[in-house]
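Bear in mind the structure is a predicted one, so any value in this text is a computation, not a measurement. The basis for the numbers below is simple: all heavy atoms, side chains too, and nothing from hydrogens, waters or symmetry mates. By convention in this document, chain letters (A, B, ...) are assigned in the order of the sequence lines, proteins followed by strands, and residues within each chain are numbered from 1.
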Amino acid sequence: MTRAEMSSDDEDTPLSQTISRKNTKVRKVVVEEDSDYDSDDVLSKQPKKKKTKTTLKDKKVKLEVGSDDDDEVMSKKLEKKKKKKSKSKTSKKSVKIEEEGQKELKKKKEEEEEEEEEEDDEDTKEESYKWWEEGDSKDAGWTTLVHNGVMFPPDYEPLPSHIKLYYDNQPVELPPEAEEVVGFYAALLETDHGKNPVFQKNFFNDFLQVLKENGGTLNGIQIKSFNKCDFTKIYNYFEVLKEEKKKLSAQEKKELRLERQKEEEPYKFCELNGRKEQVGNFRVEPPDLFRGRGKHPKTGKLKRRVHPEDIVLNLSKDAPIPKPPKGHKWGEIRHDPNVQWLAMWRENIFNSFKYVRLAANSSLKGQSDLKKFEKARELKSHIDAIRRDYRRSLKSKVMLERQKAVAIYLIDVFALRAGGEKSEDEADTVGCCSLRYEHVTLQPPNIVIFDFLGKDSIRFYQEVEVDKQVFKDLIIFKRPPKQPGHQLFDRLDPSILNKHLQSYMPGLTAKVFRTYNASKTMQDQLDLIPNEGSVAEKLLRYNAANRTVAILCNHQRSVTKGHAQSVQKANFRIKELVWQRIRLKKSMLQLDKKLRKKNPKFYAEIDDLTKENEIEIHEKIIERENEKYQRKFVRENDKRKFENEELLEEKVLNEWLEKVENLKEEFAEEVKTGKIVIKPTLNTVEKLEKQIEKLDLRIETSSIQLKDKEENSEVSLGTSKINYIDPRLSVVFCKKFGVPIEKIFTKSLREKFTWAIESVDENWRF
DNA sequence: CTCTGGACTTAGAATGCTAAGA
DNA sequence: TCTTAGCATTCTAAGTCCAGAG
């Protein structure tokens, strides 16, 4: 087995993890063991409530008229919109001609208003087709499909002639095709990808290939070694471009945006079964270097440009065929109503397909989404039987049965993915069925440590207690001659598992468990929230529930670049507050020495503050103050320069800095004598006490915020909200708790989940 | 059966935008 | 008022699962 050879030296974490991800924290999950699974078994998280029917059943009178009418309304709206657009254009021009200045502002406002109106129009239009109110859920697929094809990325624009790749300090003349590839790499020079040797190697090979295809360099330089290539000129050029783009005025940016919008307009929508619907990814992926996740053997390879000839369009037989770009032809025209894609092409890295499909807010996507959640809800009435069976089968005499049982247990309890077989030229990641010997460590009596890379090379690390029988089975599955590299479930694969699951319920597969358990968990968590307090508090609770689900599904995100710094800052702020509190306490003692005897505990923290600590805090404060004034000075003068006012003299800055110097001296004095200079406003014990109370509060809230920030820094709430938590749960929560839905779903999520928002009453349960 | 092509969902990174803070 | 942190959106990689061929 080749896996066996690979595995042992696979210890080191992938690049992405070492760089951007902190070590996954040890999460202890305790699953109570219970041999008597008829009683209140923790594992049989069975729903106590009766199944409540969806509102789907109460088929409302169809509000919507036929598609003809619809079309008419739509085209009218379109007309309106067009007029508006042209109007705003002309007004812009005329104003510009008139004069700049005051009117500028007015114009801006006007435009904004118009744009808002436009959006509203669009909203009402989009929401007009309430498919969920039609009883029969049609199967995915279409009867008519009309669209304008896809949008191609712009052709390559060669670099200006003074920007070049250097090889061995010599400027290289490259054919544009090769220069483009070099540019892809140069842009990533300072990123993790650019520094990854595998990425470099793959890029370089493909670059040489392209260079050869195009006749080599134009000035006779032979490129042989990656290390002799100097990309910095190109890199810097790109950086300058970025800067310039950032510097554009708001007005210019807006014009660019409008330009872009106009260009994409024809591709944004299609006509599905006679209704206008949004297309998702109508832009063909531009050429680039393939950015594989984790330790991907193919990362850095050139993803080639896609031409019209590579593209297959799918649309109605009688639909007009969109015009291909000049001088080109479409690869193929297809009329397959059984698939949801509008266009497709083959990419060159894995020779797999890429699809252009409808947007998330489309009826087709909505219907499959609803179907997915209904399937998960269906599992409610089978889950008890399934759990009973797999618990029994944990002791089965047949190895295959045991493996199935343990696998379903892991999928059910720890929300593992199915885990299909992967080929050699992909990153080595696993799911349940593909777990290997080295991914689970067994610690008697019944602790299991999972440590493996899952989807997207995200680390799954958990120390958990498992059912005693599961533990025994895992020992058996690891028994010699098995060793690192060997499959834990050697008789199993997802299709066997899924076939088994289908015997309980049609359509039941491993992934349904994730949906089911995520939504079930959310329901349970939401049930615990009391209907009290402010909207902000309720939101916090909602997010906490959301977080529980995200942790269950192991949804992570890399910490943002500023995170460490901002945590540090927050930490120091807390330190500083504590220091101030200590000073206040010292002040109290200065007023009345006997106080300490009365309440020694209260004053104990005074001794925690060492001289070094104190000095460190002092220094940081001084540093901060100095920087503050320096910045203030520079900023003020910039402003004055701009407005042609008299500049502040150095003297002013020095006066400010003197204040800081004074403070510094006070601090030094304080350290030397240990005496606090009490402010006249705080000259009684009572006043000081009040002040301390305030500080206590601030320290408390800052600490909570910090904790929240740190806990959330590695957890991604979005994925579960988008894919796993039945949106109807959130809708019910909002209705019952008086929380506006906008607080929970962004605009695009509201559009995606319109079917949920409009179909559910507050008694609905998952 | 097993294998693979094909079509779909799920996923975090990258990028863009906006509102809160220095 | 400008910056910047954090949120929303876009992008496309990476999974799952099924069907049909052999």
Side-chain angles (χ1 to χ4, degrees), chain A residues 16 20-21 140-141 187-188 191-193 242 245-246 250 253 257 260 280-286 288 290-294 296 298-299 303 314 336 338-341 344 346-347 349-355 357-360 364-365 368-369 371-372 417-423 426-427 429-434 453-458 493-499 501-502 507-512 514-515 518 550 553-558 560-563 565-566 569 624 627-628 631-632 635-636 638-639 642 709 712-714 716-720 722-724 745-749:
Chain A
S16 67
S20 54
R21 214 176 289 282
L188 301 174
T191 66
D192 293 350
H193 290 299
K242 262 193 234 164
K245 204 169 160 194
K246 239 196 293 187
K253 277 183 189 160
R257 206 167 48 231
R260 200 178 136 103
N281 53 331
F282 49 83
R283 278 169 206 282
V284 170
E285 291 176 21
D288 200 354
F290 171 69
R291 282 125 116 141
R293 312 256 171 95
H296 201 300
K298 293 199 172 189
T299 195
K303 192 171 77 172
N314 188 34
D336 186 350
N338 300 313
V339 293
Q340 301 191 1
W341 52 266
M344 177 198 97
R346 223 180 240 286
E347 53 76 53
I349 306 277
F350 299 102
N351 212 236
S352 66
F353 298 123
K354 298 276 190 172
Y355 300 93
R357 321 194 53 207
L358 287 158
L364 275 186
K365 290 274 199 186
S368 357
D369 227 23
K371 222 159 106 191
K372 174 184 76 185
R417 296 187 182 83
E421 195 66 43
K422 294 189 78 187
S423 82
E426 295 173 89
T429 63
V430 297
C432 183
C433 293
S434 47
L453 299 182
K455 184 179 179 182
D456 292 299
S457 294
I458 295 297
D493 67 48
S495 88
I496 294 170
L497 203 63
N498 286 337
K499 231 161 255 148
L501 291 172
Q502 320 256 325
L508 183 59
T509 62
K511 85 190 266 283
V512 179
R514 270 169 79 85
T515 315
C553 296
N554 198 38
H555 291 144
Q556 302 185 17
R557 58 172 182 176
S558 51
T560 51
K561 14 175 171 36
H563 178 74
Q565 204 188 13
S566 83
K569 232 177 173 176
R624 194 179 59 200
E627 277 171 15
K628 193 177 86 186
R631 260 205 308 271
K632 189 177 167 186
R635 190 153 6 99
E636 181 69 23
D638 276 353
K639 201 180 97 193
F642 188 73
K709 194 177 191 166
N712 244 354
S713 70
E714 296 177 342
S716 164
L717 303 188
T719 307
S720 50
I722 293 168
N723 299 302
Y724 287 103
F745 289 152
T746 65
K747 182 160 172 273
S748 39
L749 274 191

(message) Under 4.0 Å, counting only non-hydrogen atoms across every strand here, what does A/Lys499 touch: a base, just sugar-phosphate, or nothing?
(response) nothing
(message) I'd like to know if the side chain of A/Lys422 and the backbone of A/Ala427 have a donor-acceptor N/O pair within less than 3.5 Å.
(response) yes
(request) Take the protein atom CZ of A/Arg293 and the nucleotide atom P of C/dT12, then report the distance between them rounded to whole Å. (result) 11 Å
(message) Which is more 5' along DNA chain B, the nucleotide nearest A/Lys365 or the one nearest A/Phe353? Just name the residue.
(response) A/Phe353
(request) Any chance you could list the contact pattern along nucleotides 15-22 of chain C? Use B for base contacts, S for sugar-phosphate-only contacts and - for none, protein heavy atoms under 4.0 Å, 5' to 3'. (result) SSSS----
(message) Just N and O in the side chain of A/Arg357: are any of them under 4.0 Å from OP1 or OP2 of B/dC8?
(response) yes
(request) For the side chain of A/Arg283, starting at C-beta, report the closest nucleotide among B/dA11, B/dA7, C/dC11. (result) C/dC11
(message) Pairing donors with acceptors under 3.5 angstrom, does anything connect the side chains of A/Arg357 and A/Asn281?
(response) no
(request) Could you tell me whether the phosphate oxygens of B/dT10, OP1 or OP2, come under 4.0 Å of any side-chain nitrogen or oxygen in A/Thr719? (result) no
(message) On the nucleotide B/dA11, are OP1 or OP2 found under 4.0 Å from the side-chain N or O atoms that A/Tyr724 carries?
(response) yes
(request) Report yes if the side chains of A/Thr719 and A/Cys553 come closer than 4.5 Å at any heavy-atom pair, otherwise no. (result) no
(request) Check whether any side-chain heavy atom of A/Asn314 lies under 4.5 Å from a side-chain heavy atom of A/Met344, and answer yes or no. (result) no
(request) Please check if the side chain of A/Asn351 supplies one atom and the backbone of A/Arg346 the other of a donor-acceptor pair under 3.5 Å. (result) no
(request) Please work out whether the ring planes of A/Trp341 and A/Tyr355 are parallel, tilted or perpendicular, with thresholds of 30° and 60°. (result) tilted
(message) Checking contacts here: which listed nucleotide (C/dA13, C/dA8, C/dC11) is nearest the side-chain heavy atoms of A/Arg260?
(response) C/dC11
(request) Nearest whole angstrom, please: distance from the C1' of B/dA13 to the CD1 of A/Ile722. (result) 13 Å
(request) Write down the distance between NZ (A/Lys371) and P (B/dT9), rounded to a whole number of angstrom. (result) 10 Å
(message) What is the distance, to the nearest angstrom, from the CD atom on A/Gln556 to the C1' atom on B/dT10?
(response) 15 Å
(message) Please tell me if A/Ser558 has a side-chain N or O lying less than 4.0 Å from either OP1 or OP2 of B/dG12.
(response) no
(request) Check the distance between B/dG6's P and A/Phe350's CZ and give it to me in whole angstrom. (result) 17 Å
(request) Give the rounded distance in Å between these two atoms: CG of A/Asn281 and P of B/dA7. (result) 15 Å
(request) Name the closest nucleotide to the A/His555 side chain, picking from B/dG12, C/dA14, B/dG6. (result) B/dG12
(message) Taking only side-chain N and O atoms of A/Ser352, does any of them lie within less than 4.0 angstrom of OP1 or OP2 on B/dG5?
(response) no
(message) Quick check: on DNA chain B, is the nucleotide nearest A/Asp369 upstream (toward 5') of the one nearest A/Trp341, or the reverse? Name the residue that is more 5'.
(response) A/Trp341
(request) Please determine if a side-chain N or O atom of A/Lys242 lies less than 4.0 Å away from the OP1 or OP2 oxygen of B/dT15. (result) no
(request) Identify which nucleotide among B/dA7, C/dA14, C/dT12 has an atom closest to any side-chain atom of A/Met344, counting heavy atoms from C-beta outward. (result) B/dA7
(message) Let's see if you can work this out: which of B/dA7, B/dG12, C/dT12 has an atom nearest to the side-chain heavy atoms of A/Ser716?
(response) B/dG12
(message) If you compare every side-chain N and O of A/His296 against the phosphate oxygens of C/dA14 (OP1, OP2), does one of them come in below 4.0 Å?
(response) yes
(request) Specify the separation, in whole Å, of atom CG of A/Asp336 and atom P of B/dC8. (result) 9 Å
(message) For the residue pair A/Ser434 / A/Glu421, report whether a side-chain donor-acceptor contact shorter than 3.5 Å exists.
(response) no
(message) Taking A/Ile349's backbone N and O only, do any of them form a donor-acceptor pair with A/Lys298's side chain (distance below 3.5 Å, no angle check)?
(response) yes
(message) Rounded to whole Å, how long is the line connecting atom CG of A/Asp493 with atom P of B/dC1?
(response) 11 Å
(message) Taking the side chain as everything from C-beta on, heavy atoms only, tell me whether A/Thr429 gets closer than 4.5 Å to A/Arg293.
(response) no
(message) For a quick check of understanding: with a heavy-atom distance under 4.0 Å over all strands, which category does A/Gly718 fall into, base, sugar-phosphate or nothing?
(response) nothing
(message) If you assign A/Asp288 and A/Leu749 each to the DNA chain C nucleotide with the nearest heavy atom, which residue ends up on the more 5' nucleotide?
(response) A/Leu749
